[in-house]
Amino acid sequence: MKRYSLILLVLITASLGSCKKFLDEKQVANLTQDYYNTEEGLNALITGLYGYARIKHEWDASGVRLTQTETDAYMHSDATYSTYTAARYGSNVSTIATNVANYIGAPNNGAPPMGAYPHINNCNIALEVIEGLKPGRFGTDENYRLQRRGEILFLRAWAYYLVTNQLGDVPLQLTARREDNGVYYFPKAKLPDVFRQIIGDVREAYAALPVTVTERGRVSKLAAGNLLAKLYLNRAQAAAFENSTEAHLKMLYKGNVSTDLDSAILVATEVITAAGGAGGLAPDYWTLFDPKVSETNPSREVLWACQFDVNLSLHNRFGNRSVNYHVGNYTGGTGVSRSMAYGRPFGTLKPTDYGYDVFTDKVNDSRYYKTFQYEYISNATGSYPWSADAAAWWNANKPATEPAVTVGAPRATPGRRALIYLENQPAEAVDSARAMSQPYQFVVRWIKSATTGRLYYRLNYSQVSMGLTTGVNWPYLSVKKFVDPLRGGSADESNFDNEQGTRDGILMRLAETFLIRAEAYGRKGQYANALADINVLRQRAAWKAGENRPGVLVEWEPGATALTAAEKVAPYPASGSSYNTIQATEAHFTPGTPQAAAERYIPTASGKQDMFIHFIYNEKTREFLAEGVLWEDLHNAGILFDRIQYLNQLASSQAGLWPVAYNTVAGNGQNGNGKGQMRKEYTFRPWPSDFLQQLTDVNGKPLDAETMKNYQNPGY
């Protein structure tokens, strides 16, 4: 890492972080920093600060890797990541250390998003100018000045929030550096001091910012309030860790303010009220992510989103890279060719088994089928052929409306179903002959031999074992929230290999505000109030009367047998709202109830209060899977390690926690044991070696080995 990673890195262009709908793309060349002392220059600098909003979605997987995985519910498909190997996670020269280097400020910051500290320094420059010089309108319109100042404070605080999530204690830089003087003295501030600063900054931003903004992408009062409520909640979550004997928990301590839960409730309530209450939520969960709707008419539920555009010149380098990482391979033998509609099948990230199982009612909670790409339609020839046994079974058992098939003919034909998925349990195992004899690929987690009764875990169409550490990780049921049919700037299929996503990246939603308030209520023991907030989201999650369930659900989900006769007839319309079936009650987190058993609580959640906290994070997973908030939320709650150990088989070092299959594949398949090397210290990241070697003391002298060792986080 070059020496300027934590100091000045100001780009003398007004195009920094260009965001659609409000950012001026005017290039300003051959100027000095004096330009920022003008009204035009200061506005350009503030506009440029929004480039950092893209950090979770743009930096060549670094943001995604740090904020999405590895959790209880989401992981890399590459086992060297998902099992927490030392080369990926275990040292200050591991892959994750490189990602952290980019995150805090890497040497190629000539293209946004900048790392945290160059961004923070630019915020400090903007604050100096807006508070001291007050050029032009900033000196004549105090409301305007305070609003823009609120944006700067918010954007600086958000950067500190993200980087402290990763590293804990960090340098707290509040004054601008405009030149490199050769001194790189950046002592770490204690996390309580950092939180005291950023809570104060966000409170000021919350007071100054407007409820609504006319320029899409700018921070509003509602976004600031959502972050402020979350900061209060995070500090309250860790208040009891001050004297913990567990280093990874003690590092989370952010201070102890007795009113934090009340403050979280108060601010969240103000945000929810100003946003329209339950009416501020998108009526249909899928429309939040459906690019046909979300890009042209985004829901007001989205409190803040980073901006991307079909005009690729506005991206500077990457575009929204998240659109590439969540799609598994759907082409192998399926009769489905790569298409813009389904996305580029990089196969980078995927759910864990728990990521599917946390949806405890896949029939009545619509979020499951609105989250995952459960079905692919053939758009090409070339699917794998009918074998003699499969053709014989199909012809003997097929529905009367379906045609007979012949041996050697392709199974999937253009325009018809080519690939579907079923995430079932061992007790729900599908007969192997039935699963392997459909006119499409049927990817089932558990099948049972029709002849021996043996249970098999994840066999592909060639009966090769998939998943875990077998080396065969596809096809798998993928999250569809990021699919971008305009990747590369248009829907033209010739753009298929272009990695530049054009979709805006959702950073905050009103649904999160409801769950922040629910958690704060529940931590105070006010379960009725907490459930009221949770059930606002469950009412939205329910299938509505007349809304069509997917055919895959009705045909294959074990729970679909409870549907009415009318609901089992295509196009499978719901006969009424399914809310009564999925309504949350205290039974869901009361020990000994069937509802609590269905939630699969980990052993460390033994009492009602513990179960409530884990129930909230189960619900957050159902609501926010793959949206970039779950890692930081589980981490700040102090439950990331425990949930990984008991729920994520790939990362866990626990033995005997999972069901055993017949196809154990020399220990790489489903033998019931964890495959990973997750350690408690991995809940915080390492300071990169290159960064540590660049640090100096206050006089510019390089740090000695012992001082660098003390600077490093525990365990690295």
Side-chain angles (χ1 to χ4, degrees), residues 284-286 289-290 327-336 339 341-343 350-351 353 355-379 383 394 397-399 401-402 411-425 428-432 434-447 458-461 466 474-481 483 541-544 547-575 578 581-582 622 625:
D284 183 343
Y285 183 76
W286 170 237
F289 313 105
D290 182 352
V327 181
N329 188 356
Y330 52 82
T331 63
T334 58
V336 184
S339 76
Y342 290 136
K350 63 185 293 188
D353 283 357
Y356 303 121
D357 294 342
V358 70
F359 293 86
T360 55
D361 190 340
K362 297 179 176 66
V363 172
N364 294 300
D365 186 338
S366 73
R367 289 175 296 190
Y368 181 79
Y369 277 90
K370 292 176 181 179
T371 292
F372 297 111
Q373 185 64 48
Y374 54 86
E375 182 178 55
Y376 293 84
I377 303 302
S378 176
N379 57 8
S383 70
W394 173 255
N397 296 279
K398 68 178 182 64
T401 55
E402 291 292 321
R411 295 213 189 187
T413 55
R416 292 175 62 87
R417 177 184 287 172
L419 172 65
I420 66 169
Y421 301 84
L422 179 67
E423 291 294 329
N424 59 348
Q425 300 303 310
E428 303 164 337
V430 177
D431 176 85
S432 61
R434 186 182 184 207
M436 296 292 184
S437 303
Q438 298 298 319
Y440 43 79
Q441 275 195 42
F442 187 19
V443 180
V444 186
R445 188 194 303 183
W446 288 99
I447 65 172
R458 297 197 183 283
L459 294 178
N460 73 4
Y461 67 96
M466 301 186 297
W474 56 269
Y476 59 81
L477 181 59
S478 303
V479 168
K480 63 181 178 181
K481 291 179 177 180
V483 170
W543 295 103
K544 308 303 186 295
E547 186 178 9
N548 295 332
R549 287 183 171 91
V552 172
L553 182 163
V554 178
E555 295 167 30
W556 291 107
E557 286 292 346
T561 56
L563 296 175
T564 66
E567 290 175 314
K568 297 176 183 178
V569 177
Y572 315 113
S575 59
S578 63
T581 306
I582 64 170
R622 290 182 275 260
L625 184 68

Test ring pair (Phe, Tyr, Trp, His ring centres under 6.0 Å) applied to [X] - qualifying residues, sequence neighbours left out:
{"X": "Tyr376", "result": "Tyr330, Tyr342"}
{"X": "Trp556", "result": "Phe442"}
{"X": "Tyr369", "result": "Tyr374"}
{"X": "Tyr572", "result": "none"}

Contact check, side chains of Met466 and Pro475, non-hydrogen atoms, under 4.5 Å: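 The answer is yes; the side chains approach within 4.5 Å.
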
Side chain proximity check, Phe372 to Leu625, heavy atoms < 4.5 angstrom: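 Sidechains of Leu625 and Phe372: in contact.
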
Locate the shortest heavy-atom distance separating [X] from [Y]; write the atom from each residue and the value.
{"X": "Gln373", "Y": "Leu477", "answer": "O-CD1, 3.5 Å"}
{"X": "Ala418", "Y": "Ser378", "answer": "CB-N, 3.6 Å"}
{"X": "Val444", "Y": "Ala435", "answer": "CG2-CB, 4.3 Å"}
{"X": "Val336", "Y": "Ile377", "answer": "CG2-O, 3.8 Å"}
{"X": "Trp543", "Y": "Ala574", "answer": "CB-CB, 4.2 Å"}

Donor-acceptor check, side chain of [X] to backbone of [Y], threshold 3.5 angstrom: yes or no?
{"X": "Glu428", "Y": "Val430", "value": "no"}
{"X": "Ser366", "Y": "Ala541", "value": "yes"}
{"X": "Lys480", "Y": "Asp290", "value": "no"}

Taking side-chain hydrogen bond (donor to acceptor under 3.5 Å, both in side chains) as the test, write out the residues that go with [X], two or more places apart.
{"X": "Asp357", "result": "Gln425, Arg445, Arg600"}
{"X": "Lys481", "result": "Tyr285, Glu627"}
{"X": "Tyr356", "result": "none"}
{"X": "Arg434", "result": "none"}

Could you work out, with side chain to side chain contact (heavy atoms under 4.5 Å, CB included) as the rule, every residue matching [X], not counting sequence neighbours?
{"X": "Thr564", "answer": "Ala566, Glu567, Ser575"}
{"X": "Ser383", "answer": "Pro410, Arg411, Ala412"}
{"X": "Asp284", "answer": "Trp286, Thr287, Lys370, Glu547"}
{"X": "Ala542", "answer": "Ser577, Ser578, Tyr579, Ile582"}

Straight-line distance of Tyr476 OH to Lys350 NZ, nearest 0.5 Å: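 Separation between the atoms: 6.5 Å.
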
Pairing of Arg416 and Glu402 as salt bridge, 4.0 angstrom limit: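 Between Glu402 and Arg416 there is a salt bridge, with a charged N closer than 4.0 Å to a carboxylate O.
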
